[in-house]
Each structure stands twice: as C-alpha cells, then as structure tokens.
Amino acid sequence: MQSTLSEQEIIRREKLGELRALGIDPYPAPLFEITHTANEIKSGYSEETKEQYKEISLAGRIMSRRDMGKANFAVLQDASGTIQIYIKRDEICPGEDKTLFDTVWKKLLDLGDIIGIKGYGFITKTGETSIHVESFTLLTKALHPLPSVKEKDGEVFNEVTDLEFKYRQRYADLIVNPNVRDTFTRITKMKNAIRTFLNERGGLEVDTPVLQSIPGGALARPFITHHNALDIPLYLRIANELYLKRLIVGGFPWVYEFSRNFRNEGMDRTHNPEFTILEFYVAYKDYLWMMNTTEQMLEETAIATNGSAITNVDGVEISFKAPYKRISIYDAIKEHTGHDISQMDEAGIREVCKQLHIEVDATMGKGKLIDEIFGGKCEKHYVQPTFIIDYPVEMSPLTKKHREKEGLVERFELIINGKEIANAYSELNDPIEQRERFEDQLKNMERGDDEAMFIDNDFLRALEYGMPPTAGIGIGIERLAMLLTGNVSIQDVLFFPQMRPENV
RNA sequence: GGUUCUGUAGCUCAGCUGGUAGAGCAAAUGACUCUUAAUCAUUGGGUCCAGGGUUCGAAUCCCUGCGGGACCA
C-alpha cells in the first residue's frame with residue numbers, strides 16, 4: 001500500500017474527525033430503509049404517478065455536485081443507475097443553525113461518499129426527473145478520491161481507460177464505468193440462461209473436486225500444490241470431465257458443473273490461468289444429439305442475454321441462430337490448405353506441415369500435427385458458429401470411435417469468430433479401449449509431450465462398472481461471454497483477471 | 001520467451017530538436033435558491049515508474065530493471 005497520502009486523501013481523513021466532532025458517525029451501523037431505486041423513479045415518475053413518489057427513501061454514492069449557493073444539485077448513483085437530487089439550505093436547516101447544510105453537506109461530504117436520502121419526486125425546469133431532498137444521512141465516508149468522470153449526451157469525458165487501473169482496481173472501474181457493470185450483469189444473465197436451459201431438461205448441477213491427485217480430463221499443464229496432512233501432491237483441476245463421468249456411472253442421467261479450471265500456461269487475450277468451463281454429460285445420447293442441443297442452448301442463451309440471437313464483436317456480426325454449419329476436420333483442412341490428409345500417415349502429415357510452413361517438433365504425434373494445421377490455417381476462417389466434426393483418434397483419448405469412419409472419433413468442436421468455444425464427444429465407455437488410449441498418452445509423455453494425460457485407474461474402474469453411452473461437452477464460459485458482451489479480451493469478462501502483484 | 005508501444009498531479013492528458021513541469025476535471029477558499037461536462041474568482045497539489053549513464057544541465061537521449069498493452073513463438 002501507499003505509504004504517503006495525497007493532499008486529497010489527507011483532507012478527507014481530516015473530515016472524518018470533523019464529522020465525529022459534530023456527532024456524525026461516518027460509518028453508522030443501523031440499516032437504511034430503501035423504498036425506491038434511481039432507475040424506478042426515473043422511468044416511473046410522471047404527473048399521473050407523482051402520488052407514489054411522495055415519500056422516497058434511497059441510498060447511493062455521490063457522483064457529481066452542482067453548488068448554487070443555498071441550493072445544490074447532485075447526482076446519486078445506486079445499483080440501478082443514477083438520479084439527480086436537489087437540496088435546499090432552508091429546508092434542510094429551517095432554524096437559525098445552518099451547520100447541517102453549510103458544513104456537513106457542503107464541506108464534509110465528497111464525491112464518492114455514500115448517503116441515504118428521504119424526499120419526494122419532481123421534475124426540474126429543464127425536464128429532468130429528480131428527488132427533492134428533505135433529509136440526508138451519511139452512510140459511508142469515502143477516503144479515496146474517485147476518478148472524476150463526466151458525461152453529456154452519451155459522450156463520456158475523462159473516462160478511465162487505463163487498463164491497469166481498471167483490472168487492478170475493478171471496484172473503482174465498476175463505480176465509474178456503467179458499461180462494465182452492464183457487461184458483468186449480462187454475463188450472469190448468460191449463466192442463468194444456461195442453468196435454466198439445462199435444469200428444464202433434467203440436468204442436475206453438481207460439484208466435483210477442485211483438488212485432484214490425478215489432473216485428468218484434458219491436455220494441459222497443472223498447478224501443483226501439497227497437502228500437508230496426507231503428505232501428497234495435489235493438483236488444481238485442469239478439467240472435471242472424469243468426475244462427471246463417474247457420476248454418470250453412478251446413475252445420474254444428466255449432470256453439469258460450471259467448473260473453475262486452472263492451467264499453468266501462458267496468459268494472453270484469450271487465456272487466464274483460472275477460467276470456467278461448463279461441462280455437461282447426458283446418458284444415452286451421442287455427439288449428433290449434442291450438436292442439436294448445443295445450438296439450441298446457445299441460441300436461447302444469446303437471446304436471454306442480449307434480447308437477440310445476433311451479437312457484434314469488434315465490428316463482426318455473429319448469429320447464434322440454429323442450426324450451425326457442420327464440416328469434418330479433414331474437409332476443413334482440404335478447403336483451406338488444398339491438402340487432403342485423410343489417408344496420410346504421420347510422416348505424410350509432417351511433410352504437409354513443412355510445406356505449409358507450420359513449425360513442428362519431434363514430440364508431436366499425428367493428432368497434434370493435425371491440430372497444428374487446423375489451428376494455424378483453418379480455425380480463423382470460421383467466424384459464424386461452425387461445428388468441426390470427426391477428429392482423428394490420436395488427438396482424442398477420451399472419445400468413442402466413429403460408428404463408421406475408420407481412424408476417426410465422434411467428436412466436434414464449435415468454432416465461433418475463429419476461436420474454439422466448445423469441445424464435445426460421444427464419450428468413450430469401453431474400459432479396455434480407454435486403458436489402451438491412456439497408455440498411448442503415456443507414450444506421448446515419454447516422447448516429451450508434457451501435456452499428455454495421466455492414467456487414472458479409479459476412473460477406469462468406474463468405467464468397468466459400465467457407463468451408459470453418453471454425450472458430453474465442455475463450453476468455454478469466458479469465451480462465450482466475450483462473444484455475447486462484445487469484448488475481445490478475457491480480462492474484460494473476468495472481474496479480477498490475473499495480474500502481477502503490485503508494489504511487492 | 002521474442003518484437004514493439006507505453007508509464008508525468010486523485011483522474012484524463014500536454015510537455016517540439018535536452019534549459020529542473022503545464023491544462024481540464026477533482027480538491028481547498030469565496031460568490032450564486034432550477035443546475036446538469038453548471039458558472040465565476042483565488043489557492044494548493046508532482047520521487048515526471050525505479051536505478052545507472054551521457055551532459056554544465058535529463059520528464060526529454062542511452063542502458064538495465066519493474067509494471068501495463070499489442071503482435072509473434
């Protein structure tokens with residue numbers, strides 16, 4: 001923390017003492033009764049309804065003040081928005097003693113302070129719905145000055161744009177940037193819409209371990225920690241897939257979890273070390289059913305979030321309206337590179353990578369090579385929601401073999417705006433084959449692939465009890481949130497994005 | 001990890017080719033009983049990210065480090 005206080009901070013601290021000397025507690029305990037919100041009053045008040053606004057009580061933060069001498073205007077901001085208030089000296093202080101107005105209101109209160117007011121609604125000469133203040137109560141004194149943002153006719157002046165400030169002091173960002181508050185409330189709406197969709201169809205929301213002794217279910221580098229009492233290493237989960245499948249084995253027909261996952265990898269505009277994947281698993285379904293369900297869910301979610309299936313990101317219009325285009329990964333590669341790799345072996349594909357100037361190394365197996373080609377040359381072309389389907393078996397260790405196409409698995413990824421949003425399969429439920437796939441992963445690990453999967457024997461035991469045919473999916477919640485709120489950086493859809501610690 | 005841009009008052013930013021800092025908002029003091037980026041007058045406020053170097057002299061040029069952004073592996 002800062003050791004030296006600014007001039008303004010010192011002045012505000014001095015005001016605390018002056019308030020207390022006047023018998024005013026700057027941090028009072030009693031609740032403050034609220035009858036209306038700023039937005040309700042602004043949208044509801046009129047000549048006809050004015051009777052309902054004769055006794056208003058609301059609380060908020062002072063955002064600006066216009067001092068006219070014996071009468072003041074101020075703008076109060078609560079959770080719903082802002083409203084102008086009007087306060088007159090001779091009404092607040094009808095007697096001889098004008099301290100409450102001249103000293104407390106005018107001198108000891110500052111921008112950023114939280115107050116409660118009682119009064120009645122009215123419309124000013126210039127036509128702005130306002131509250132005529134009859135009494136006010138200091139509810140919280142602010143000691144840190146707020147950035148002085150101003151706004152007129154939708155144009156914002158002195159807007160706080162410094163990203164470091166916004167991310168490190170999100171609380172202040174939320175106070176002064178209404179659009180940031182809006183982004184986050186829409187993200188919550190989005191998640192609620194997903195929950196509603198899943199709950200209505202019989203989904204059961206569950207919680208599974210974040211601390212895992214085998215970090216399974218995905219290909220990624222985990223964070224490692226240590227449990228003292230058990231004296232064992234534990235990993236923060238990179239995925240919850242294997243646990244949700246255990247629950248399907250246990251007999252739940254449809255389970256889902258918003259899984260906060262942790263991956264110890266690079267950070268950029270689309271990666272934060274902790275992030276959320278919604279995973280859900282449904283018994284007796286396959287990946288074709290899952291595609292239909294996914295596009296329905298996303299269309300409904302987009303409408304619930306924004307009132308429209310169309311969203312705009314960085315000047316690009318994206319339609320979440322179902323159905324979405326479906327194309328196999330081999331066809332996608334053929335379309336965008338001209339190479340038909342569907343019949344090639346690892347050496348042939350490696351040669352194609354070379355021709356396409358894709359950097360590869362010896363640790364990469366066939367699956368990884370194909371992934372590199374698709375990621376490097378194809379993915380970016382799919383702007384509108386597109387299902388890429390039927391992946392090669394080598395890159396999908398948890399996926400059931402394709403019902404008719406040799407060497408492929410029943411898997412799809414959903415690409416939107418050139419980014420992977422979801423990944424889904426008909427889940428592999430043959431325990432013997434699953435063990436073989438894990439063993440293949442082990443070979444990749446020996447080859448130097450530090451993202452290969454570990455063998456999870458307990459999961460295999462669960463599969464041996466019999467897991468019904470199951471379709472499963474993981475959806476990147478932040479990425480979906482970015483699309484639906486029109487943000488291009490993951491930091492703008494996380495309240496507190498990971499940052500280097502400040503000031504050590 | 002590489003390349004590049006960036007860091008000046010509480011906030012937004014200016015500061016040309018080197019001459020030890022400026023504006024608006026915010027703050028303080030005063031005026032004003034319907035203002036709305038309120039207005040008017042006066043005043044205060046700075047480790048120019050940090051540390052080195054070049055120079056008579058560095059916010060400015062150079063190096064290193066730290067923080068942040070963008071692009072790339």
For Lys118(A), salt bridge (Lys or Arg N to Asp or Glu O under 4.0 Å) partners two or more places apart
none
Distance-only donor-acceptor pairs under 3.5 Å for side chains of residues 481-490 of chain A, two or more places apart:
from: Thr485(A); atom 1: OG1; to: Ala481(A); atom 2: O; distance (Å): 2.7
from: Thr485(A); atom 1: OG1; to: Asn487(A); atom 2: ND2; distance (Å): 2.9
from: Ser489(A); atom 1: OG; to: Gln491(A); atom 2: N; distance (Å): 3.3
from: Ser489(A); atom 1: OG; to: Gln491(A); atom 2: NE2; distance (Å): 3.4

With a non-hydrogen cut-off below 4.0 angstrom, is Lys166(A) in contact with a base, only sugar-phosphate, or nothing?
nothing
Looking at A28(B), which nucleotide sits across from it as a Watson-Crick or G-U wobble partner, both distances under 3.5 angstrom, or is there none?
U42(B)
Using salt bridge (Lys or Arg N to Asp or Glu O under 4.0 Å) as the criterion, list what pairs up with Arg168(A), not counting sequence neighbours.
Glu164(A)
Distance check: side-chain N/O of Lys125(A) vs OP1/OP2 of C34(B), anything under 4.0 Å?
no
How does protein reach along nucleotides 68-73 of chain B, written 5' to 3' as B (base within reach of a heavy atom under 4.0 Å), S (only sugar-phosphate), or - (no contact)?
SSSS-S
Using a distance-only criterion (donor-acceptor N/O pair, under 3.5 Å, no hydrogens), is the base of G10(B) paired with the side chain of Ser148(A)?
yes
What residues from residues 92-121 of chain A pass a heavy-atom cutoff of under 4.0 Å to RNA chain B?
Lys107(A), Asp110(A), Leu111(A)
Given G10(B), C11(B), A37(B), which nucleotide is nearest the side-chain atoms of Pro147(A)?
C11(B)
Under 3.5 Å, is there a donor-acceptor pair between the Ser259(A) and Asn261(A) side chains?
yes
Taking the P atom in each of G15(B) and A9(B), what is the distance between them to the nearest angstrom?
15 Å
Could you work out the separation of U43(B) and A26(B) based on their C1' atoms and round it to a whole Å?
15 Å
The Watson-Crick or G-U wobble partner of G1(B), with both key distances under 3.5 Å, is C72(B)
Assuming nearest nucleotide by heavy-atom distance, tell me which of Glu151(A) and Glu7(A) is located more 5' along RNA chain B.
Glu151(A)
Test item: side-chain donor near acceptor, Glu9(A) and His144(A), under 3.5 Å:
yes
May I ask you to verify if any side-chain N or O of Lys152(A) is less than 4.0 angstrom from the OP1 or OP2 atom of A38(B)?
no
Whole-Å P distance, G10(B) and A28(B)
15 Å
Mind running a 4.0 Å heavy-atom check of residues 46-78 of chain A against RNA chain B and sending the residues that fall below it, in number order?
Arg66(A), Asp67(A), Met68(A), Gly69(A), Lys70(A), Ala71(A), Phe73(A)
